[in-house]
Protein chains: 2
Amino acid sequence: MNAKKIPDIIIGRLPVYLRALQHMADAGSKTTSSQELGEHVGISAAQIRKDISQFGEFGKQGTGYSIQFLIDKLREILKIDRIWDVVVIGAGDLGHALAHYNGFQNRGFRVVAIFDNDKNKVGQQIGDFKVEDSATMSERIKSLSVKIAMITVPASAAQEVTDKLVQAGIKSILNYAPVNVTVPNSVKVQYSDPATNLQRMTYYL
Amino acid sequence: MNAKKIPDIIIGRLPVYLRALQHMADAGSKTTSSQELGEHVGISAAQIRKDISQFGEFGKQGTGYSIQFLIDKLREILKIDRIWDVVVIGAGDLGHALAHYNGFQNRGFRVVAIFDNDKNKVGQQIGDFKVEDSATMSERIKSLSVKIAMITVPASAAQEVTDKLVQAGIKSILNYAPVNVTVPNSVKVQYSDPATNLQRMTYYL
DNA sequence: AATCGATTGTGTCAAATTGTACAAAATCTG
DNA sequence: CAGATTTTGTACAATTTGACACAATCGATT
């Protein structure tokens, strides 16, 4: 059942469904339909039913889906039915923002360390932790068994940092630096460079 | 020629090509091939050729593409052969980071104002500008003719802010808040919630 | 218990996207 | 300058993705 390969594009939509479901749950709703969920997230009801049905029969005809049940299932599928430790590389403004970001709570993630190679930043207090020296990064990541990193270093340093992260055992990278990085197939990278995101919209203006 | 409808998915790849080309140009290269560019961005050479050929015959057989020429064309296609003014809504950590972000320079964008509804933040200096009161947002956006906004407010305020932005004439929104917002068809929204981005990767761990 | 309205899960088809292959054109080499 | 090499642009095939339709099922109602 879980044997068939699920397309990336479906996996990418699940967090969006989850976010909407959590919003409904917070508002006190108990059940929803593919129709209603679709209106929330701007995706057709049929698409949502088909996406969800890849993982099992979670709905009930005539009634729809139990919101809490579906939330639990999605969290399990996405492996966020636990807390993942995350490190931030680069203690610039964006690194700071991510290090105190309180939106990770209840969404499956916890920042556990932030690194920078600038000696003036090392030791600086950011929220609950101190900026650590990049020189110690590999050791720390290995000893903490962290698998996820967010990169906010300048473009010129991103590949070098990425190589060190991969070597230290990082498997997922959220890259805010405006540059493509090369990684082995076993490592997943998502790009989130603000300027590139804006450039995707100007065509339509 | 520009009459045919270009799929969103192609438009979305163009900024990635552009970023790689600018990187090559900075490194002093004059020409490149679909092969080489593909290796940089992790996309097949055929795909790149097909994407680019949607807009004209920009390459030369045997030689490839003139990097500077292709950069100019892509900037023109994406309408970033000019500087777009952008506003930031929400002066939290992420808003701060975006307001001083220097990665917009040379990429087609310039932050011109930042707003918050918290009276304690209004008036605070951030880089070159002061945080302005949200109450004045609509007026300011209209008078500046800004078309692009980045939202960094809490999820609970995002829809209300979005409605005001749309009403003030904003046509592109980069939304960092962890919530889907509803907008008219004439407005484009991109989502960039950090937690959702991380949730897209944990499945593969 | 029979009927009715709502809603799922899925089979089928259509559309969109990507991959493959190759002729044509440009450059390079000796 | 002839032949080898490189590389584009595109026709065609394959694959992936999305839309549509509907039987099956559930709960509510009479």
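All figures in this text were calculated on a predicted structure; none of them were measured in a lab.
Residue B/Lys30 places its NZ atom among 12 or fewer non-hydrogen atoms of other residues, nucleotides or ligands, all under 6.0 Å distant.
The side chain of A/Gln47 has D/dG18 as its nearest neighbour among C/dT8, D/dG18, D/dT8. Out of D/dC26, C/dT10, D/dT17, the shortest distance to the side chain of A/Arg49 is found at C/dT10. Of the candidates D/dT8, C/dT18, C/dT10, C/dT10 carries the atom nearest the A/Ser53 side chain, counting heavy atoms from C-beta on.
Judged by the 6.0 Å distance and 45° axis criteria, B/Arg19 is positioned over the aromatic ring of A/Tyr191. Because its NZ or CZ atom is both nearer than 6.0 Å to the ring centre of A/Tyr203 and within 45° of the ring axis, B/Lys79 counts as a cation-pi partner of that residue.
As rounded to whole Å, 4 Å separates atom P of D/dG9 from atom OH of B/Tyr65. The nearest whole Å value for the distance from the CD1 atom in A/Ile10 to the P atom in C/dT10 is 13 Å. C/dT8 atom C1' lies 15 Å from atom CD of A/Glu36, rounded to whole Å. Spacing between atom CZ of A/Phe55 and atom C1' of C/dT10 amounts to 16 Å, rounded to whole angstrom units. Rounded to whole Å, the distance from CD1 on A/Ile43 to P on D/dG18 is 9 Å. Rounded to whole Å, the distance from CD on A/Gln35 to P on C/dG9 is 15 Å. Rounding to whole angstrom units, CD1 of residue B/Ile52 and P of D/dT7 are separated by 14 Å. When the P atom of C/dG9 is taken as reference, atom CG of A/Leu70 falls 10 Å away, rounded to whole Å.
Judged by closest nucleotide on DNA chain C, A/Glu57 is the one of A/Glu57 and A/Lys50 placed further toward the 5' end. Between A/Ser44 and B/Ala45, the residue anchored nearer the 5' end of DNA chain D, judged by the nucleotide with its closest heavy atom, is B/Ala45. Of the residues near DNA chain D, B/Thr63 and B/Ala46, the one whose nearest nucleotide (by heavy atom distance) lies more toward the 5' end is B/Thr63.
Note that CD1 of B/Ile52 is 6.5 Å distant from CG of B/Leu74, once rounded to the nearest 0.5 Å. Atom-to-atom distance recorded for A/Ser66:OG and A/Asp72:CG is 8.0 Å, nearest 0.5 angstrom.
Side-chain N/O atoms of B/Arg13 include one lying less than 4.0 angstrom from OP1 or OP2 on C/dT18. At least one side-chain nitrogen or oxygen of A/Ser34 sits closer than 4.0 Å to the OP1 or OP2 atom of C/dT8.
In this structure, A/Ile9 reaches the sugar-phosphate backbone alone: every heavy-atom distance under 4.0 Å involves primed, P, OP1 or OP2 atoms, never a base.
Side-chain N/O atoms of A/Gln61 and base N/O atoms of C/dT7 include no donor-acceptor pair closer than 3.5 Å.
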